[in-house]
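See structure below.
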Amino acid sequence: MRSVFKVVENRRESEWTHTIFFDAEIESQPGQFMMVWLPRLGEKPFTLSYPNAVTVKKAGAFTENLAALAPGDEIGLRGPLGQGYPPLKKPALIGGGVGIAELRLLALASEEPSFVLGGRTADEILFYEEFRELGPVHVATEDGALGHKGLVTELLPVEADSYAVCGPERMMAACLPKLPAERTYFAIERYMKCAVGLCGQCTCSGWRVCTDGPIFPAAAVAQMDDFGKRRRSKSGKWETI
Amino acid sequence: MRSVFKVVENRRESEWTHTIFFDAEIESQPGQFMMVWLPRLGEKPFTLSYPNAVTVKKAGAFTENLAALAPGDEIGLRGPLGQGYPPLKKPALIGGGVGIAELRLLALASEEPSFVLGGRTADEILFYEEFRELGPVHVATEDGALGHKGLVTELLPVEADSYAVCGPERMMAACLPKLPAERTYFAIERYMKCAVGLCGQCTCSGWRVCTDGPIFPAAAVAQMDDFGKRRRSKSGKWETI
Amino acid sequence: MIPLPRIDPPLINASGILSYPEVFTAFESAGACLGGYVTKSVGPREKPGNDNPVVVYPPDGAVLNSLALPTQSAEDWERDLEEIKLKKAKLIVSVYGGDSLEFAEVTGRMSRFSDAIEVNLGCPNKEPGEQTIMESIGQNPALSAEVIERVRGETDKPVIAKLSPNSDYLAVAESCMNAGADALGCGNTLGPGLAVDIRSRAAILAGTTGGISGPALKPVNLRMTYEAYARFRCPIVAYGGIETWEDAVEYILAGASVLGIGTAFMRKSTHEAAALTREIWEGIQEYLDGEPMSAIIGAAHRSAEGGGSHA
Amino acid sequence: MIPLPRIDPPLINASGILSYPEVFTAFESAGACLGGYVTKSVGPREKPGNDNPVVVYPPDGAVLNSLALPTQSAEDWERDLEEIKLKKAKLIVSVYGGDSLEFAEVTGRMSRFSDAIEVNLGCPNKEPGEQTIMESIGQNPALSAEVIERVRGETDKPVIAKLSPNSDYLAVAESCMNAGADALGCGNTLGPGLAVDIRSRAAILAGTTGGISGPALKPVNLRMTYEAYARFRCPIVAYGGIETWEDAVEYILAGASVLGIGTAFMRKSTHEAAALTREIWEGIQEYLDGEPMSAIIGAAHRSAEGGGSHA
Ligand SMILES: Cc1cc2nc3c(=O)[nH]c(=O)nc-3n(C[C@H](O)[C@H](O)[C@H](O)COP(=O)(O)OP(=O)(O)OC[C@H]3O[C@@H](n4cnc5c(N)ncnc54)[C@H](O)[C@@H]3O)c2cc1C
Ligand SMILES: Cc1cc2nc3c(=O)[nH]c(=O)nc-3n(C[C@H](O)[C@H](O)[C@H](O)COP(=O)(O)OP(=O)(O)OC[C@H]3O[C@@H](n4cnc5c(N)ncnc54)[C@H](O)[C@@H]3O)c2cc1C
Ligand SMILES: Cc1cc2nc3c(=O)[nH]c(=O)nc-3n(C[C@H](O)[C@H](O)[C@H](O)COP(=O)(O)O)c2cc1C
Ligand SMILES: Cc1cc2nc3c(=O)[nH]c(=O)nc-3n(C[C@H](O)[C@H](O)[C@H](O)COP(=O)(O)O)c2cc1C
Ligand code: FES
Ligand code: FES
């Protein structure tokens, strides 16, 4: 699917984060992603936070433009792409930063989810109220404004039947040894070009994140030497994570 | 559909006519046609006489080759193409020459068919025994060897609920005024190149026989100035019929 | 420059598709929404073209044809065109020849019947032993210019130079425009391509290779339209894989002012084909939403200039 | 002529697809039936290529890409290739440069890692302001020969000259073969083509146009393979729309001895892609029915000569 839709709402979630709603509902599996196209500005990967919205953290020129869209503006979408989560039983959803938004549709699709969320400050704990209605929410903030003062990893382990982790890669790498490999899933991010498995750009130890992922079982992630360590930049040159 | 099959039987029907059976059954509507391809020799239009056979009258180089195929030889088929007959109630099937063969599948698909068949000699009345088991058969031969001595048109009119005519165009043109326009169908032949409506080569008064026909209602045929008169040759130049 | 006749709606058939005057009349009587019809390319002398098979259509939207320009003689075409009775559609006669003199001779005979002359510089098919027009003329800017100049001398009707996507078409177009062409045709078939039957191990087309038309051709001829419009801002008649109104709009935004439909008529009866032309034209009109079509011709260029960089 | 290494099975990825050594290793570990892997084209200096979007896939089997040869530096590629640990597949390094000296420089660095060097003469993509290799070198027989000659001087590995279908490729191939190429690559992407978004009225690819790959390309590169084999009877590595074993067999009958798969991996996970390679190879083997593949390479030519005329 490749289509251009109209923005219907720009909802400010925090200082850095906006949810952009558009006039179409996309059917996807939680964990799959979309390539968001802004005509003449670029195309980058985002996960749906609602069937009709993406939640965007301003990180550079493209996300600045995306977060500034107003009702009536055009937004192009290609997808859904990649492999999402399998159905999860009573999962603990462990999110950091804007990764929290990427867990929202998974939370809605799961039975008895619980949440372990981290951010620099209270503002960054997206969907906090909404998640509290779905299940227990444990929070860690670096400035201590909400919940535990410190890193989300310090809240682990927690009891659950399965685990889904989405956040900065170093946070995820820190979670890896603390969670049971056979019941845990990670959402890996890499620089994406084609997003359909052709160019090889998004490799994590040889597995193309756009088609083999972005969701990988922890057992596979544990075999990936590059995880938490290095990734290929736009030219293919290695950069340290 | 475009495929190459193997010939399984070459059945001699008469001095000039052979039925070539191949190892596949083609689903078609009676009246549709196939482009028969002999690799490196050419491709020409034929109507199925069985789901797995065409009946061929030797008329030139290609049909000589086709009629000489032996078991194991290759035969390419493209189709079915064009518009066949609508379902016909108690039809009289009026055939001349190899056109008789083109009526066989229609006969099998029709309730209570009757037959009016013509040829130069008895040998040319194809499927005579088989048709007699399906319904009454009226025959005219030019040499009087079977049935009425003379032309098939001399047997008309006959009683029937509908009429299907397939034979040399001058014979069909002679039938036209003798049959009720609203219940009669003609099978028109024209020189075919693409057989899929592109090249325009097969025009009869502007109607492309390969896609608008080869089966046309008599009411439409009555409006065609070219019917029975002229057709375009391989180059597009008009030739008289 | 002589303006193109008013082709309304701005849809026509592609040359070599439908081909003959009586087929145009049948289309008109079936309610086809075509504002003009283009003849099969008319050559100077009768020529049967390649033997069958002349078309093969692999899956996935590519059609290969190797008709190799069958034609009756120009005299016989004159007789045919005298008979023609189109109600309101315009008639474009497509012409070809083995050299510029033949192109001119055919144009001289056809001019009086036609509302525009389309010069076929790009057919990639040939009979065994022939050279293609594309090889002998259409790839050569100087020879193409000579053809257009001579054609120009034989007609006061607008002249459309129909290009091959397989040539250095901007160079050819440039010399054609300088030589007096009024519009560009973008374009003829691609390739040619080959299809091999794996069972008999033979090339399927009797002509071995065939020009590619249909959806597979669209991105290439769309780019040709885009680049030609950017360079010449002249009227462009676009051909190549137009099957839907969206395809047509893409070509218009790239710079086309007339849209030609060919392969999309494949396997369609006259009534189905006529319905397709109506759907395409209705889709374009809905898209226009009251704007004149001229307002959006080439609009993809304006936005490329207006809108920022590849950030 | 230096023979190609034994690539068994004779299937490889296409350059720019999968691209990186660690991806090759993942494919091998997933049981892919590829007897060789080709790197992304390696250039002399780091270059990010075009911005996104770099691919667009209209319906009907055409993919347009405008990656424009992103590359890390040749030094960084050396480091990457030192790490590589393929079990039995051969490694082909694809090289490019802005001129023959750069091609030679990269070849000199890559030669020791590779079982063959593939020289990319045909990429139709470019970053804004650049000239394409195809425009600057690949369309010019003399410059292409200069590239091959210099590359030849830097390696004792077999050299594959990978051609563009958009050029006068037989002339380019001729001069490459004379300059010391051992095999031909038939070929790179077609066009390029354009895709326009009708809602925003913008070209979709950031690079505006992109090379066409996938099924739409097959008839053209199949013809290139056929013609190149007829002329040179040399080893041919064929690329373009190979999705099934039937596609592969068509190319073999036309003259290919190695088959490259690119776009067919689109949207496939590593395990799905590996399964596809197995299906293709199994299909070829069943078709061969015990015959060696060499017995059918170019068989479509033999039958064209043997079998009658176009009657
Ligand atoms: C599968 C996936 C899902 C994602 N989902 C979301 C989401 O829901 N919300 C969200 O805010 N962000 C998400 N991201 C991250 C988002 O794509 C980047 O933040 C965005 O591309 C940054 O672009 P920029 O031009 O604003 O920043 P830049 O200044 O270009 O870069 C900032 C950072 O973003 C990364 N980045 C830039 N371009 C790409 C690219 N093409 N592909 C991947 N990473 C890139 C860079 O590596 C860099 O680390 C997701 C990334 C992936 C791979
Ligand atoms: C819809 C249709 C169904 C047909 N069904 C049958 C059938 O079931 N059995 C049968 O014996 N014949 C059938 N024919 C006729 C058959 O196609 C021709 O007899 C055959 O093409 C002659 O080829 P040739 O090379 O042997 O003869 P040629 O020497 O080439 O020509 C002999 C005659 O056949 C006609 N012919 C030649 N080529 C073509 C062509 N490409 N398309 C149409 N006519 C051609 C010529 O006009 C000429 O009148 C059918 C024709 C059409 C149009
Ligand atoms: C069967 C066939 C015959 C053609 N004959 C001609 C011709 O005589 N003259 C010409 O200029 N182009 C000819 N063409 C090219 C078409 O006019 C058109 O440029 C091309 O097919 C692209 O359009 P399409 O994809 O809509 O078919 C022919 C194409 C086909 C498929
Ligand atoms: C995304 C993409 C990137 C490519 N990059 C390169 C490249 O770096 N070097 C090269 O020689 N060819 C490149 N090509 C061309 C392919 O190697 C191949 O020749 C072409 O895609 C045809 O094969 P296919 O239809 O199987 O994809 C690329 C093609 C695609 C689709
Ligand atoms: S982004 Fe191209 S393979 Fe994943
Ligand atoms: S044979 Fe081509 S249109 Fe009928």
Side-chain angles (χ1 to χ4, degrees), chain B residues 1-6 35-45 61-62 73-76 78-83 190-213 215-216 220 223-226 230-239, chain C residues 13-14 16-30 39-40 42-43 45-59 63 65 67 70-73 76-77 79-80 195 197-206 213 262-263 265-273:
Chain B
M1 197 278 305
R2 228 208 108 260
S3 271
V4 175
F5 301 107
K6 284 227 181 296
M35 290 300 276
V36 172
W37 178 50
L38 297 182
R40 290 174 285 274
L41 290 175
E43 190 198 42
K44 308 236 168 177
F62 185 83
D73 285 348
E74 281 161 349
I75 181 168
R78 170 161 71 97
L81 299 165
Q83 318 287 338
R190 282 294 180 273
Y191 195 98
M192 291 200 180
K193 292 197 162 187
C194 72
V196 286
L198 291 177
C199 68
Q201 172 65 42
C202 61
T203 163
C204 183
S205 284
W207 304 94
R208 289 158 302 143
V209 169
C210 66
T211 39
D212 290 320
I215 308 308
F216 289 95
Q223 304 292 315
M224 296 176 179
D225 293 340
D226 292 348
R230 62 173 190 173
R231 62 186 174 202
R232 291 193 181 270
S233 70
K234 198 178 175 192
S235 68
K237 186 183 170 72
W238 289 112
E239 61 183 27
Chain C
N13 67 302
I17 317 285
L18 313 186
S19 301
Y20 297 105
E22 72 274 22
V23 182
F24 307 159
T25 321
F27 263 60
E28 225 186 22
S29 78
T39 64
K40 176 93 200 133
V42 174
R45 270 174 310 281
E46 189 184 359
K47 170 169 128 61
N50 268 322
D51 286 306
N52 284 350
V54 291
V55 294
V56 54
Y57 33 98
V63 170
N65 92 77
L67 285 167
T71 184
Q72 51 186 341
S73 67
D76 285 334
W77 272 105
R79 243 165 271 139
D80 257 16
D197 175 66
I198 63 170
R199 188 139 174 196
S200 62
R201 301 184 178 176
I204 298 171
L205 294 170
S213 64
T263 302
F265 291 140
M266 186 163 88
R267 307 207 58 174
K268 293 202 166 53
S269 71
T270 300
H271 288 282
E272 290 163 348

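Source: prediction; values computed, not measured. Chain identifiers are assigned alphabetically (A, B, ...) following the order of the sequence lines, protein sequences preceding nucleic acid strands; residue numbering begins at 1 within each chain.
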key: Steps toward salt bridge (Lys or Arg N to Asp or Glu O under 4.0 Å) verdict (C/Asp51, B/Lys234)   = CA-CA 9 Å; C/Asp51 286 306; B/Lys234 198 178 175 192; 2.4 Å; yes

message = As an exercise: rank C/Thr25, C/Val23, C/Val55 by heavy-atom pairs under 4.5 Å with chain B and give me the winner.
response = C/Val23

request  = Fit a plane to each ring of C/Phe265 and C/Phe27, take the angle between them on a 0 to 90° scale, and name the class: parallel (under 30°), tilted (30 to 60°) or perpendicular (over 60°).
outcome  = perpendicular

request  = Using only heavy-atom distances, determine whether the side chains of B/Trp238 and B/Asp226 contain a donor-acceptor pair under 3.5 Å.
outcome  = no

query = chain B: which of C/Ile17, C/Asn13, C/Ile204, C/Asn65 shares the most heavy-atom pairs with it under 4.5 Å?
reply = C/Ile204

note = Scored by heavy-atom pairs under 4.5 Å with chain B, the best of C/Ala14, C/Pro48, C/Ser19, C/Ser29 is C/Pro48

task = Measure distances from B/Gln83 to the heavy atoms of chain C and classify the residue's part below 4.5 Å as side chain, backbone, both or neither.
result = side chain

inquiry  = Is any side-chain heavy atom of B/Pro45 closer than 4.5 Å to one of B/Met35?
reply    = yes

task = Go through the atoms of C/Thr270 and report whether side chain, backbone, both or neither lie under 4.5 Å from a heavy atom of chain B.
result = both

ask   = Who among C/Val63, C/Asp80, C/Asp76, C/Val54 has the most heavy-atom pairs with chain B under 4.5 Å?
value = C/Asp80

note = Looking only at B/Gly206, B/Cys204, B/Gly200, most heavy-atom pairs under 4.5 Å shared with chain C are made by B/Gly206

inquiry  = So which residue, C/Ala26, C/Ala30, C/Ala273, C/Pro53, ends up with the most heavy-atom pairs under 4.5 Å with chain B?
reply    = C/Pro53

request  = Examine the side chains of B/Glu74 and C/Ser200 and answer whether a donor and an acceptor come within less than 3.5 Å of each other.
outcome  = no

ask   = B/Trp37 and B/Phe62: ring-ring contact (aromatic ring centres under 6.0 Å, His included), yes or no, with the steps?
value = CA-CA 10 Å; B/Trp37 178 50; B/Phe62 185 83; over 10 Å; no

query = Among B/Thr211, B/Leu198, B/Val4, who wins on heavy-atom pairs under 4.5 Å with chain C?
reply = B/Leu198

query = B/Lys193, B/Gln201, B/Met192: which one forms the most heavy-atom pairs within less than 4.5 Å of chain C?
reply = B/Lys193

query = Does the side chain of B/Thr203 come under 3.5 Å of the side chain of B/Arg190 through a donor N or O and an acceptor N or O?
reply = no

